[in-house]
Amino acid sequence: MKQFPVATINPAALRHNLSRVRQLAPDSRVMSVIKADAYGHGVLTAAEALTDSDAFAVARLSEGVLLREHGIEKPIVLLEGVNSEADFITAARYDLSPLIHLHTQIQLLQRIKLPKPLQFNWLMVDSGMHRLGISPEQATAALSLLQSSQNIQGEIGLMSHFANSDLVGDPRNEAQLETMLALKQQTVLPLCMANSAAVLSYPQSHKDWVRPGLMLYGI
Ligand SMILES: *Cc1c(COP(=O)(O)O)cnc(C)c1O
């Protein structure tokens, strides 16, 4: 008799859940969130099952390096970003994309010279969650600093996170989306906002990219 619980991970179920994301957000690209060891399911198992993703997002540099060392070639965003020259260099070497969410990260990028420029870059804008990001008022200035940096290559995307997307109809969701849509219109940059709850219940927020985590794991 087994004395402990056993979890069986079925990669086909992960793939099925990703296909549901595609059905719900047919016009958006999908950045599959596989942070925290794919919410405990195993980051490599998840990355290999979710090959139909357009990109992946993890929290940390070490998770991104692990994926690259196992041959995962899709773009990988580091949601926590990085905060030292050494970590920026590692990110560049492994073609990882640290999220820019602090002014100090922008200042650091202006000061250093990476071995090669970072690609697939995203600026986190704090449209109302008040956890992470540059304020909407400072976003365009931050973007121009980044766009003129020799360490940044290609288009920079706009990212933001809903504070309350679980609450369907919460007016704060609409206010956040409006803030980001104004910024998108002004900058003509791609927007990535919707987490799982917003993929499921807030289609107006899908836009260029969606960023589901929980629903990939059947929650
Ligand atoms: C965890 C996370 C997500 C995924 O959210 P879910 O609610 O799990 O779909 C998206 N974006 C960011 C920045 C996250 O940290």
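Ligands are counted one by one from 1 in listed order, and the atoms in each one are counted from 1 as well. All residue numbers in this chain count up from 1 along the given sequence. Computed over heavy atoms, backbone and side chain alike; hydrogens, waters and symmetry mates excluded.
Scanning all protein heavy atoms for the shortest distance to atom 9 (O) of ligand 1 gives Ser196 OG, 2.5 Å. Asn195 ND2, 3.3 Å is the protein heavy atom nearest to atom 7 (O) of ligand 1. In this structure, the protein non-hydrogen atom closest to atom 11 (N) of ligand 1 is Arg211 NE, 2.9 Å. Nearest protein heavy-atom contact of atom 8 (O) of ligand 1 is Tyr39 OH, 2.6 Å. Among protein heavy atoms, atom 15 (O) of ligand 1 sits closest to Lys35 NZ, 2.7 Å.
Under 4.0 angstrom from ligand 1, there are no non-hydrogen atoms of His101. Residue-level proximity to ligand 1 for His161 is carried by the side chain, the only part with a heavy atom below 4.0 angstrom.
A distance of 5.5 Å separates CD of Gln105 from CD1 of Ile100, quoted to the nearest 0.5 Å.
Inter-residue side-chain proximity for Met215 and Val199 is flagged as met; some heavy-atom pair is nearer than 4.5 Å. For the pair Leu78/Arg60, no side-chain contact is recorded, criterion being any heavy-atom separation below 4.5 Å from C-beta on.
Residue Gly213 has at least one heavy-atom neighbour below 4.0 Å for each of these atoms of ligand 1: 4 (C), 6 (P), 8 (O), 9 (O). Those atoms of ligand 1 that come under 4.0 Å of a heavy atom in Leu214, given as number and element, are 6 (P), 7 (O), 8 (O), 9 (O).
Ligand 1 has Arg131 within reach: a non-hydrogen atom of the residue lies less than 4.0 Å from it.
Side-chain atoms of Ser149 never come within 3.5 Å of backbone atoms of Gln110 as a donor-acceptor pair (strictly under, hydrogens ignored). Remark: the backbone N or O of Asp170 is not paired with any side-chain donor or acceptor of Asn164 at under 3.5 angstrom.
By the 30° and 60° cut-offs, the orientation of the rings of Trp122 relative to Trp209 is perpendicular.
Salt bridge Arg22/Asp52: present, at least one basic N to carboxylate O contact under 4.0 Å.
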